[in-house]
Amino acid sequence: GAVVSQHPSRVICKSGTSVKIECRSLDFQATTMFWYRQFPKQSLMLMATSNEGSKATYEQGVEKDKFLINHASLTLSTLTVTSAHPEDSSFYICSARGDWSSNQPQHFGDGTRLSIL
Amino acid sequence: DAKTTQPPSMDCAEGRAANLPCNHSTISGNEYVYWYRQIHSQGPQYIIHGLKNNETNEMASLIITEDRKSSTLILPHATLRDTAVYYCIVRVAGNTPLVFGKGTRLSVIA
């Protein structure tokens, strides 16, 4: 159980393009979803936290106008990288949790490798 | 900042037990200890978590010291597929995200 599906797994596109990444919880309702970014040989860095039906909370240094997050349902969150540039190339990983009030673990998708040419 | 300290790397012979240590000396009473691992180019995989009692599941065992200032993740019979970066994370129950440190890179050697 507790499967998180992320799509696409890999994107290669030209500079200036906007890219949308989808994150779905397949067998549970995710009241909270998280988006992380990971550069080569580094650890995961939290970008933002989103709760269903409300605006996302962004970590310091993450531009909310560049990384648009929508969490419109209990099973779907999207991250749109607007006007992507080469420095946005990274491994983007989403995570979801069901019952926010408990100690239950976060579950992660398999990530999206974004390459901007 | 991560609230845990782990060795940057460890080696383990295939078939032997892998014991991965983690220090969390500033852990508070309502914080749980979580362990995840990340195999190359994949998302992190949940392994186990606990508050103060030792825990065991089909993947691993978690041993937490009585003062809760450190813990050890035990993979009883390591295989080559257990080669990964292992993250020890402390987190209070509730709507807080996991914050990742640098983890331990475990290499299982044939």
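Just so you know, these numbers come straight off a predicted model, no measurement behind them.
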For this session: Establish, from distance only, whether the side-chain atoms of Gln38(A) and Gln38(B) form a donor-acceptor pair under 3.5 Å.
Result: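 Looking only at side-chain atoms, Gln38(B) and Gln38(A) do form a donor-acceptor pair, the distance falling under 3.5 Å.
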Problem set entry | Donor + acceptor pair across side chains of Thr4(B), His24(B) (<3.5 Å) |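 The answer is no; no qualifying pair exists.
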Problem set entry | Ring centroid separation Tyr87(B) to Tyr34(B) under 6.0 Å |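 No, the ring centres sit 6.0 Å or more apart.
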Problem set entry | Sidechain N-carboxylate O distance under 4.0 Å for Arg68(B), Glu31(B) |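 Salt bridge between Arg68(B) and Glu31(B), a charged N being under 4.0 Å from a carboxylate O: no.
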Problem set entry | Arg113(A) charged N/C atom sitting above Phe91(A) aromatic ring, 6.0 Å / 45° |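 Output yes; distance and angle both within limits.
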Exercise. Just by modelled atom types, is the Ser9(B) backbone N or O under 3.5 Å from a matching donor or acceptor in the Thr104(B) side chain?
Worked result: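 No.
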Exercise. Can you name the residues of residues 16-23 of chain A that have some heavy atom under 4.5 Å away from a heavy atom in chain B?
Worked result: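 Against chain B, none of the residues of residues 16-23 of chain A fall inside the cut-off of heavy atoms under 4.5 Å.
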For this session: Against chain B, label Leu44(A) side chain, backbone, both or neither, depending on which of its atoms sit under 4.5 Å from a heavy atom there.
Result: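 It is both, since atoms from each part get that close.
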